[in-house]
Amino acid sequence: MTLIIAIGNTLRRDDGAAHRVVELLGEIPGARILTCHQLMPEMAEDIAAAGRVVFVDADVEPGTARLEPLAETAGWSALGGHSVGPAEVVALASKLYGFQGEAWLCRAPGEDFGDGTGLSAAAEENARQAAALLREYLVRQA
Amino acid sequence: MPERILISPVTRIEGHAKISIYVDDSGQVDSAQFHVVEFRGFEKFCEGRPFHEMPALMARICGICPVSHVLASAKACDALLGVEIPPAAELLRRLMNYGQILQSHALSFFHLSSPDLLLGFDSEPARRNLFGLLEHDPDFARRGIRLRKFGQRIIELLGGKRIHPSWAVAGGVLEPMTAGARAEILTGVPEALESVRIALDRMKSLLDQFPDEAEHLGTFPSLFLGMVSESGGLEHYDGRIRISDAEGNVVAEGLDAQRYFTYIGEASEEFSYMKFPYYKPLGHPGGIYRVGPLARCNIATHAGTPLANRELREFKQRAAGGAVCQSFHYHLARLVEMLHCVEKIEEICSEPGILDERVRAQAGQNRTVGVGASEAPRGTLFHHYEVDETGLMKKANLIIATGQNNLAMNKAVEQAAKRFVNPARLTEGMLNRVEAAIRCYDPCLSCSTHALGRMPLEVEVRDRRGHLLDRRARG
C-alpha cells in the first residue's frame, strides 16, 4: 500500500496546492491519502504501516511539478518537537517502527502564499502536473 | 561582559518569545524579563460576527489547544441561549476535553520537557529534543508519541478532525458518539494507562537528580486558582473557582466563573504583548497567581479517580506544609493529570447514556452577555461575549491560561537567571535552564496574545553596553 500525505494550509493560497493534487488524484486502489497542515511525529506509525510513502507539498521555489526520491535527513531539527519535515518523519518511522520502504517527495511550486483561499493559475497548473506524475507513479507500482 | 543577555527565540514552547537578562554594574544578574513577541487579534476581529460562529472562529486561536477554546466558547454561547445542554452532550464535551488535555500534556512532557530531564540540561542542544530522546530511549519516545496520538484520536473520533474541530456548538455538540468510536477509545485505554504509569514512575525517579532545578526554576509563594468539583476534587470542565495560597489556605471559595471580572483584573506591561492577569483584591502585581496542573493539584483535595487519587496524595506530600510551590513540579502535576484523564476517559465511555442521540438543546438568543469557562491544559480559560439584540458580537474578552501565569513566568525566569547564569562565563546549559523555567508552565503563546489594539508595540535601540538610545511605542 502507498501512503500519500498531502501537506499544506489551504488558507494560505498556494500553500494548499497539495490538497488540490490529491483532490485531482481521486481514489486510487492500493493508495491511502492523508491530508494535513503540517507533519507530526505521530504520522510515523501510519508510514510504517504502508509499504511506501509519497509526500506532496507546495514549493516556494518557482518551476514545474516534480516527483523525486526523498533525501535522507542530515540531522534532527534542533528546535524539535512540534513539527517535522518529511525526511525526519520517515527517519522516525524507520527508527521506531522499522519502516524500510520507499519515500518520495512530490512538489507543486506556487507563487502566492498570502492569506486567502484558492490557487494561483501557476499553482493550479503545477497541481495538475503533480497529480499526473503521481498517477503515473502509482500505476507503475501497481 | 554583556549588559543584556538575550535568549531569542525561546525554544520548545508553543509560540514565539524572547528573554532579556539584565546585568548590574558588579556583573551579576539584576533582573530578567519574558517577552512574548507575537501578535494576534481575535478579540477585535470577531466583533460584528454572529455569536453562533464563535466556537468555530475561536478554535483557530491555537493548533495545540483548539478544543479548550471551542469548549469555553460553546459554554459562553450556551449562556447566551440560556440553556442547559443535554446530559450526553456534557459527557461528550468532557470526554473531548480529557482527550485534549491528555494529548497536550503528552506533547509538553515527552516532546518538549523530558529531553532536559532524560538527556540532561547541559547535553548537546541539537540532541535535546524528541529525536535525541528516541536515540536514548526508543520505547519511551514511542510511548510518548502514541499517547499523544491517543488523545488526538479521541478528538478526531468526536469532532471529525484532530485540529480545529468545530463540533461543540451553542446548546451542545453537533453529533452523538458512535458505538464504534466508543469501542475504539476503550481499546486504547490499557496502553495509555501503562504509558502514563511508566512516565510517572520515571519522572519520580528523576526528581531527586535535579534538586537545584527543582528549587530554582520558579519556587516562590503565590496564589493558585482553578475549578474544583462539587466535592472539592479535580475538575476540568465545569465547576466553581477556588483560590488557595502558598500555605494551602483557601483564600476564596465557590466563586462564579461567570463573574470572573469581579476577582480577576488584567494589567499590561510595555515589554510584552501578553497581558498580566492578577487577583483583584491584592492588586497588580501583588495578586500574582498560578493556574494549570500545579494549581489544580494544589487546590483540589482529591482527584476523584482511584489511581490519580493515590498519585495526588503523594504529590501533595512534596509540599512543605502547604502548597507545592516549585514550578518544576508542574511536570509531575501534568503526569498526575494525565493519569486522571485516562481514567476519566474510560469512566465516561462506560457511562450508559454516552451514546444518547439527543446532544443539542435548541433555543434562540435569550441573553446579551455570556461567559464560558473551562480548564484548558494550561489552566482556567474564560470567554466573555457581549452581543446585540440580533446576536452580533459587540465585544469579546478572553482570559487565557498562559496569560494568567505571566507574572509567575517572569518571576521564574528572574529566579532561574539569578541562580544559574554567570554573565562572565556564559554556557548554553545556563541559558537552557532559564528557558526550562518557562517550559515548566508549558506556555501557549498563540493563545495568550489574542488581543489587538491596547497592547504596546515597542522598538528599543540599545548601544553595545545596553544603554537605551531610543524607544518608539504605540498602543
Legend entry - Spacing of H111(B) atom NE2 and E42(A) atom CD [to the nearest 0.5 Å]: 5.0 Å

Inset, instruction - Identify which part of R146(B) has an atom lying under 4.5 Å from any heavy atom of chain A, answering side chain, backbone, both or neither. - result: side chain

Legend entry - Heavy atoms from other residues, nucleotides or ligands near CD of Q100(A) exceed 12 (cutoff 6.0 Å): no

Inset, instruction - Begin from the C-alpha positions of L11(A) and R60(B) and carry the test side-chain contact (heavy atoms from CB on, under 4.5 Å) through to its verdict. - result: CA-CA 12 Å; L11(A) 298 178; R60(B) 298 282 167 174; 4.1 Å; yes

Legend entry - Derivation and outcome, side-chain contact (heavy atoms from CB on, under 4.5 Å), residues K95(A) and F131(B): CA-CA 10 Å; K95(A) 187 84 181 172; F131(B) 307 108; over 6 Å; no

Legend entry - Smallest separation among heavy atoms of P138(B) and L96(A), with atom names: O-CD2, 3.6 Å

Legend entry - Partners passing side-chain contact (heavy atoms from CB on, under 4.5 Å) against E102(A) (at least two apart in sequence or in another chain): R52(A), W104(A), Y137(A), Q141(A)

Inset, instruction - Would you check, one step at a time, whether the test side-chain contact (heavy atoms from CB on, under 4.5 Å) holds for K149(B) with M40(A)? - result: CA-CA 10 Å; K149(B) 189 174 184 177; M40(A) 293 183 292; over 6 Å; no

